[in-house]
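Encoded as structure tokens, the structure appears first; notes follow it.
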Amino acid sequence: MPADAAIQLRDVAFEYLTNGRVTRAVEDVSLEVTRGATVAFVGPSGCGKSTLLKLVAGLLTTSRGTIIVDGRPVKGPLENVGMAFQNPVLLPWRTVLDNLLLPFEILRENGDPRAPDRAVWKDKASALLKTVGLAGAEHRQPRELSGGMRQRVSLCRALIHEPRLLLLDEPFAALDAFTREEMWELHQTLRRHREFTGVLVTHDLREAVFLAQTIYVMSADPGRIAHVHEVKLPTPRTLAQLYGAEATALIRLMREQIRPSREAVA
Amino acid sequence: MSGLVSRRVVLPLLLFAAVLAVWEAAVPLLRIQQIVLPTPSGIALTMVHTAGPIAFHARHTLVTTLLGFGFAVGLGLLLGFAIGASATVHDAIYPLLVGFNSIPKAAMVPLLVMWFGIGAVPAVLTAFLLAFFPVAVNVAVGLATLESELRDVLRALGASRWQIFRKVGVPRTMPLFFASLKVAISSAFVGSVISETVASNAGIGYLMAVAGSDFNTRLAFGGLFVLAAMGVLLYGVFAIIERRMTAWAYTE
Ligand SMILES: Nc1ncnc2c1ncn2[C@@H]1O[C@H](COP(=O)(O)OP(=O)(O)OP(=O)(O)O)[C@@H](O)[C@H]1O
Ligand SMILES: [Mg+2]
């Protein structure tokens, strides 16, 4: 195994068992994610993208095959992971700051060495809020924030404990086009500030091209990796690149690759 | 805001006064006998004359209601937490709970009297039996509807089930819990008065039962007004507590 692989999947398969019915969600998935890289999974709805993400996080256990993160097989929920979803799920009874301190509270209770004392974490939270353009929002209530602002707080919560893996499941899908593009640039800024390996699930092919080094196109029933694309655009990326010939061609190609399986389902 | 509040207070009071006025005028006008329907002024007079006994019985009803309510909140919380936290407990208990809740509790009073005799104990127990169900159900629902994404975020931090329960489950259930208190206090009140009416020697329910058997219509109506006032007051207190405790759930 290459020394710089942060995530390795070998012949991974997963089946959901509900009321005796078996749903084959993913099958035969083998891949490697280089440390510090971001990969994206795209594909038709129901092809197993979210399932794959949960498998990597250790929230689900593989039915077959192995997942290795940082050289160790995944047996249960990993603890060095940050997650964010389409729904920001902030705790409405806590201020923005207290929402960001939630990971810290749990790590400290569990005796994690990454949780020194509260003051340090408060400073970290404030610094992180500043990076995402929410300086001074510490004592605001989540309900006072716009959707985009909430999603930024949710990203901060995913990053505050400096996880080595950042797992994002359609994190920007509920945002308007402009805010979404802002969030892409924000994601890029965050990656310059700290190193993490990213896994992104998205329906937005432009988003995948902007954020990922490698894009896996999945097909459904059962979910498999149908195509792999390396995105060769130089970093840091700009929105203008997305309108260039290379990106346009790649997006068109992926759209063609996803569409047939969509029609097969319909 | 204050305009809205005063509207909400003043308008119902005005309507109530108007109804009383019509009632006051209609009784002599339609030659209704006072023993069938006394005038509001007559009822008020009787209430003033019997203020002492009324206060005694009202206090008794209040105490039995609050006792039953207190036990109900305790058991309701425990049951709700157990049902909401464990699918097994939910599947085992919930159907039984629904079955039990569909028994009209008034039918249990004779049984309670057989066991505990006439007095305050059956009243407290009836209040309890009526009031614990809404608390248990609301708490269970609050716990069971935790967003799966939130659970995933926390589990990915290494949080245990117990930590998820404490940090997220309990706080997010509080609005439902406090909302259920309003319902539970009203139910407890109904329960204790029902029981007093048939099997007690104190309380407003008992007072009204005695007034009824004496054909003291004025006193019976007086008891009714006292009950209405107490019911509104108890509900109001818990509505205020609810707003105070869970402001975050209201200001959207
Ligand atoms: N908890 C579950 N129990 C049973 N089956 C499930 C469960 N979650 C997902 N599935 C099934 O597994 C398959 C993959 O689902 P998954 O959520 O991973 O898809 P997805 O690619 O994330 O879809 P989308 O793009 O719509 O979010 C689907 O067929 C789905 O019905
Ligand atoms: Mg999904």
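Below, read A as the first sequence line, B as the second, and so on, with proteins coming before strands; counting in each chain starts at 1.
Counting only heavy atoms from C-beta outward, the side chains of B:Asp152 and A:Lys54 approach each other to under 4.5 Å. In this structure, the side chains of A:Arg94 and B:Lys167 come closer than 4.5 Å at one or more pairs of heavy atoms.
A side-chain contact (heavy atoms from CB on, under 4.5 Å) with A:Pro103 holds for exactly one of B:Val153, B:Leu154, B:Leu157; it is B:Leu157.
More than 12 heavy atoms of other shown residues, nucleotides or ligands fall within 6.0 angstrom of atom CZ in B:Phe165. Heavy-atom neighbours of A:Lys122 NZ from other residues, nucleotides or ligands within 6.0 Å: at or below the threshold of 12.
Here the closest heavy-atom approach between residue B:Arg172 and residue A:Trp93 is recorded as CB-CZ3, 3.3 Å.
For A:Ile106, the parts sitting under 4.5 Å from any heavy atom of chain B are the backbone and the side chain alike. The contact between B:Glu147 and chain A is made entirely by side chain atoms (from C-beta outward), counting heavy-atom distances below 4.5 Å.
With rounding to the nearest 0.5 Å, the separation of CG in A:Leu91 from CG in B:Leu150 is 5.5 Å. For the atom pair OG of B:Ser160 and CG of A:Asn110, the computed distance is 6.5 Å after rounding to the nearest 0.5 Å.
In terms of non-hydrogen atom pairs under 4.5 Å with chain B, the most contact-rich of A:Val81, A:Leu165, A:Asn80 is A:Val81. Each of B:Met174, B:Arg151, B:Arg166 has some count of heavy-atom pairs under 4.5 Å with chain A, and the biggest count is that of B:Arg166. Ranked by non-hydrogen atom pairs under 4.5 Å with chain B, the options A:Pro77, A:Ala84, A:Ala158 are led by A:Pro77. Put simply, of A:Glu109, A:Met83, A:Glu105, the one with the most heavy-atom pairs under 4.5 Å next to chain B is A:Glu109.
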